[in-house]
Amino acid sequence: MITVSDLRKVYRQGNNEVVALAGVSLEVPTGKIHGIVGHSGAGKSTLVRCLTLLDQPTSGTVAVNGKELTNVSASELRDARRRIGMVFQHANLFDSRTTEENVGYPLELTGTPKNEIKTKVAQLLELVGLDKFAKAYPSQLSGGQRQRVGIARALATDPDVLLCDEPTSALDPKTTDEILELVKELRGRLNITVLIITHEMHVVKQACDSVSLLEGGKIVEHGDIASVISNAKGRLAQTLMPLPGDAPRSAGSGTILDLLYTGDQATEPVISSLSRQFNIDVNVLAGSVEQLSDQQYAHLRIQLPAGINEQEIINHLQSNGIAVTVKGTK
Ligand SMILES: Nc1ncnc2c1ncn2[C@@H]1O[C@H](COP(=O)(O)OP(=O)(O)O)[C@@H](O)[C@H]1O
Ligand SMILES: [Mg+2]
């Protein structure tokens, strides 16, 4: 588990102060994958630097499995850093070292005996599917393979948390999905907590159990995927489940509703059952159904016929767990 409490980072530039993190609090339970998304300048890199203690937060705390990493002595800091493994956008491997030498590097730094390093590295390479590439140099590997080396290296010190900073931004779509599958598999096998910093909603859709939206150094929306999506007015819901840009214009004059729903209902014929039950014609103006993480979500824009008791219909939809936003009447 990683716990971030009221983390602030203020940079001083001459007489100016830049508030890069304005009180970020976050809790990711053990074994969960949490995404942090935000535009350029939101504070993502600063957050990464403060979490890995490359940068000292101005105030606030970071704890892994209840043990605080901030405000510790220099020697404790070295141990603390090992609790968080880092994966970078470009794997940042040593070109002059083979796969096994790259993966073993953090263990050399901690003075681990050579034979222990050998055993551990072999296990790690098998874990990430690179056992056949132990003697290869980075230049002989594909981008996806290099990222696997980076992941194995990050796991070398048995961290409790894997912090991935734009881990797939330099990869093609197919390799992106393979790396995300690997991260999900590792989380299951090692019961590790994963934080993924990304600007790609695709990554959140594919891999994350929960997500935070960082803006101006603050978390402005957060929650598990189902809850951020059911907050129909939220920006994460709009970005994760966008309606097609050019929704058809309404034909009639009834009330327009946006419906967001999840799980079993997403595959149930919500609209046809509504039509049957209330004996009305429902006009579907736009819609999308998506598989996010391991669940189905649907986002529909519908128009009810004019002159009916629409509140009764809205109540019915809401009582079935569907988030309803009234978009107005045409
Ligand atoms: N070393 C620094 N000195 C001064 N300002 C900084 C420094 N690092 C980041 N900032 C400022 O903090 C804010 C957040 O930056 P950053 O964490 O790099 O955002 P992101 O990674 O989301 O693009 C920006 O306004 C940036 O200009
Ligand atoms: Mg950045």
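For clarity, every value in this text was computed on a predicted model and none was experimentally measured. Every number for a ligand or one of its atoms is a count from 1 in the order of the listing. Values below: every heavy atom of this structure, side chains too, minus hydrogens, waters and symmetry copies.
Screening residues 142-159 for salt bridge (charged side-chain N to carboxylate O under 4.0 Å, His left out), with sequence neighbours left out, gives K120-D158. Among residues at least two apart or in separate chains, salt bridge (charged side-chain N to carboxylate O under 4.0 Å, His left out) pairs with a member in residues 1-19 are K9-D55, R12-E17.
To the nearest 0.5 Å, atom CG of residue D172 and atom CD of residue E178 are 8.0 Å apart. S275 contributes atom OG, which lies 9.5 Å from atom CG of L304 (distance to the nearest 0.5 angstrom). Interatomic distance, NZ of K184 versus CD1 of I33, reported as 7.0 Å (0.5 Å rounding).
Excluding waters, the protein N/O/S atoms found under 2.8 Å from the Mg ion (ligand 2) are S45 OG.
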Is there a salt bridge (Lys or Arg N to Asp or Glu O under 4.0 Å) between K205 and E290? Walk through the geometry before answering. CA-CA 9 Å; K205 290 183 187 183; E290 286 220 45; 3.0 Å; yes
Yes or no on salt bridge (Lys or Arg N to Asp or Glu O under 4.0 Å) for D79 and K67, after CA distance, side-chain angles and deciding distance? CA-CA 11 Å; D79 289 337; K67 192 172 185 311; over 6 Å; no
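Each of Y11, Q13, V18, A20, H39, S40, G41, A42, G43, K44, S45, T46, R49 has a non-hydrogen atom positioned under 4.0 Å from some atom of ligand 1.
Residues I313 and I280 have side chains in contact (heavy-atom distance under 4.5 Å, counting atoms from C-beta outward).
Closest approach of P305 and D281 over heavy atoms only: CD-O, 3.2 Å.
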